[in-house]
Amino acid sequence: MSSSPIETVIVDGLALANEIRDDLAQRIKAHREAGRRAPCLAVVLVGDDPASASYIKGKQRACARIGMDSVEHRHPASTGEKELLDLVDGRNRDPGIDGILVQLPLPEGVRANAVTEALSPEKDVDGLSPVNQGRLLLGEPSHRACTPLGVMKILERYAIPLEGARAVVIGRSALVGKPVSLLLQQANATVTMCHSRTADLPGTCREADVLVAAVGVPRLVQRDWVKPGAAVIDVGVSQVEGKLVGDVDTEGMQGVARIVTPHRRGVGPMTVTMLLSNTLDAYEAHLGE
Ligand code: GUN
């Protein structure tokens, strides 16, 4: 008896993001109608990396569309660590600011860890400060990192079972690999974290019911790495000959994966949406103080 062919669903991350953003906009509208100020996100960009500049523009545009304010702090690549720490300290103390986003990567000579450590955990809407990452590790409430949270929302929306599932995460970054592994484990998946020294990466990936690729190696994950019926989440973004390419050979997933995220309109819009959601949560907590 032959099994029926798998109809691979291409995840529409933009549609899901828009649905969630509509709910966030409604929440903000209700606050405004009650006479409260708009929530406000401070966005910090250091240096002139074009990709980072484009990301923060997108984040600010997304804020404006749901009625959230944002203030931009742009600094040259020559900005020193002390100056940046002072800026973060000022925004931590500013009662008109609910969330702070420091776009990464930071220029050489500025320690990203020193900057994220300086963020007030309540305003760290990116979920990258040691306190928020530590709370995630302990399973305590905190702002969760935006891309991992977006991945979990996609899995939830597409009804991917996680309880008892085998999840494999490629990449061990603090931004994605580590936090998404913890979130999957907290959802009762059995998680394997892979990295550049993993022996038999393709074989390990073939065991996955849920495969998350977050390494930035163009088209690393090939069709024969994927177990039939697996959910494949592509977080990687690389430039190849001027084109954006993910960590997954998306076309190769057809007929094998149950769902796959495209490298455009996949995880990206959900990352931005989770930033908005965390900022609105921070605002509401701030109001309640
Ligand atoms: N650079 C790439 N992704 C992110 C992100 O989610 N947050 C921050 N702060 N910087 C990034």
Side-chain angles (χ1 to χ4, degrees), residues 13 17 20 41-63 70-75 77 79 81 84-85 87-88 91-92 97-108 110-121 123-133 136 142-154 169 171-183 212-217 233-239 244-247 261 263-264 266-279 281-282:
I20 297 172
L41 174 69
V43 178
V44 181
L45 176 64
V46 187
D48 43 22
D49 175 51
S52 291
S54 155
Y55 287 143
I56 69 149
K57 205 171 275 171
K59 289 169 183 177
Q60 289 185 279
R61 211 178 302 129
C63 285
S70 64
V71 286
E72 184 179 297
H73 300 271
R74 267 188 195 238
H75 290 261
T79 307
E81 189 174 294
L84 203 50
L85 293 177
L87 172 73
V88 168
R91 302 290 72 72
N92 281 343
I97 298 291
D98 304 291
I100 306 169
L101 167 97
V102 181
Q103 187 66 29
L104 302 176
L106 290 168
E108 261 180 55
V110 179
R111 293 168 304 151
N113 283 352
V115 176
T116 53
E117 196 164 341
L119 293 165
S120 139
K123 294 192 180 186
D124 166 33
V125 287
D126 235 1
L128 300 181
S129 65
V131 170
N132 283 333
Q133 296 263 33
L136 167 63
S142 71
H143 294 305
R144 306 305 200 205
C146 301
T147 300
L149 198 52
V151 169
M152 298 305 289
K153 293 276 180 202
I154 289 171
V169 177
R172 53 181 160 181
S173 67
L175 204 60
V176 183
K178 284 183 186 128
V180 83
S181 298
L182 288 166
L183 290 172
V212 180
V215 267
V217 177
I233 306 290
D234 186 0
V235 179
V237 184
S238 311
Q239 284 252 8
L244 287 185
V245 181
D247 286 353
T261 60
H263 52 269
R264 288 191 67 244
V267 174
M270 288 301 294
T271 296
V272 178
T273 303
M274 293 303 101
L275 174 72
L276 302 175
S277 174
N278 283 348
T279 306
D281 288 347

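The residues of the chain are indexed from 1 along the displayed sequence. Every number for a ligand or one of its atoms is a count from 1 in the order of the listing.
A donor-acceptor pair under 3.5 Å links the side-chain atoms of Asn92 to the main chain of Ala118, judged by distance alone.
Listed by chain and number, the residues in a side-chain hydrogen bond (donor to acceptor under 3.5 Å, both in side chains) with Asn113 amount to none (sequence neighbours excluded). Residues passing the side chain to side chain contact (heavy atoms under 4.5 Å, CB included) test with Ala174 are Gln133, sequence neighbours excluded. Every residue two or more places apart in sequence or in another chain that forms a side-chain hydrogen bond (donor to acceptor under 3.5 Å, both in side chains) with Arg111 is listed here: Glu81.
Environment of CD in Gln239: crowded, with over 12 heavy atoms of neighbouring residues, nucleotides or ligands closer than 6.0 Å. By the 6.0 Å contact criterion, NZ on Lys59 is enclosed, its count of non-hydrogen atoms from other residues, nucleotides or ligands being greater than 12.
Closer than 4.0 angstrom to ligand 1 sit non-hydrogen atoms from Leu101, Val102, Gln103, Leu104, Asp126, Leu175.
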